[in-house]
Participant: 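Below is one structure. I have some questions about it.
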Amino acid sequence: MPDFYRKIIENNKKWVEETTLNDPQFFERLAQGQQPPLLWIGCADSRVPANQIIGAQPGEVFVHRNIANMVVHSDMNMLSVLDYAVNVLKVKHVIVCGHYGCGGVKAAMGNESIGLIDNWIRHIKDVYRLHNRELDAIEDKQERFDRFVELNVREQVNDLAKTSIVQNAWNHDQPLFLHGVVYGVGSGIIQDLGVNISNNSELDEVYQLSF
Ligand code: CO
């Protein structure tokens, strides 16, 4: 067996031993079920592990991750996670977490073809086009990249709010708060972007659903 693979299996044994030593009922309790208050939509980037950076224990956060923390309204995977989180688990908060230095966002700023992923990156390019006036006006490339990461989070939070799942929950007066944050891979710090939505009145009228 390759060393890294062997190491992670051993790490798991150690983790189970240590966890059980500190809290003998830990796994028994988790086996009863889950009631996480939070759905996390983050980037697949290995440097942004959801639970670890927010100090959440197993059972505390329902997680969906993809390249560049995208909310694509026709993505059955995302919609299934969102539907289960909102309608079955009844999470109260959904966080979209972007991160500085995101490879997906960087690729979307450029023109190079990377392969199949170009079609996923396309969704991020649409965000650029939506904000091209602001972004093109930023001369410093790093600053423009950082701002693009932030604007992408903002758009994904808006796209969450536009889903029938979220608007239906709001229509039933189910408390559901959407938040946009950005993580600094070089600092470890999560920054609130001031995008906090809890009803559909902030959406452009054309997206507001009546039930
Ligand atoms: Co990323």
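Small disclaimer: the values here were computed from a predicted structure and weren't measured. Every number for a ligand or one of its atoms is a count from 1 in the order of the listing.
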Participant: State, with a plain yes or no, whether a side-chain heavy atom of Arg154 is found less than 4.5 Å away from one of Val96.
Facilitator: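 Heavy-atom side-chain distance check fails, nothing below 4.5 Å.
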Participant: Students often mix this up, so state it plainly: with edges at 30° and 60°, are the rings of Tyr84 and Phe62 parallel, tilted or perpendicular?
Facilitator: tilted
Participant: Taking 2.8 Å as the limit, list every protein N, O or S atom around the Co ion (ligand 1), by chain and residue number.
Facilitator: Cys43 SG, His99 NE2, Cys102 SG
Participant: Restricting to non-hydrogen atoms, name the atom on Ile124 and the atom on Ala68 that form the minimum distance, rounded to 0.1 Å.
Facilitator: CD1-CB, 3.5 Å
Participant: Are Tyr128 and Phe148 an aromatic pair by the rule of ring centers under 6.0 Å?
Facilitator: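 Yes: the rings meet the under 6.0 Å criterion.
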Participant: Treating Ile, Leu, Val, Met, Phe, Trp and Tyr as nodes and any side-chain heavy-atom pair under 4.5 angstrom as an edge, say whether Val72 and Val105 lie in one connected cluster.
Facilitator: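 Result: yes, single cluster for both.
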Participant: Less than 6.0 angstrom separating the ring centers of Phe27 and Trp15, yes or no?
Facilitator: yes
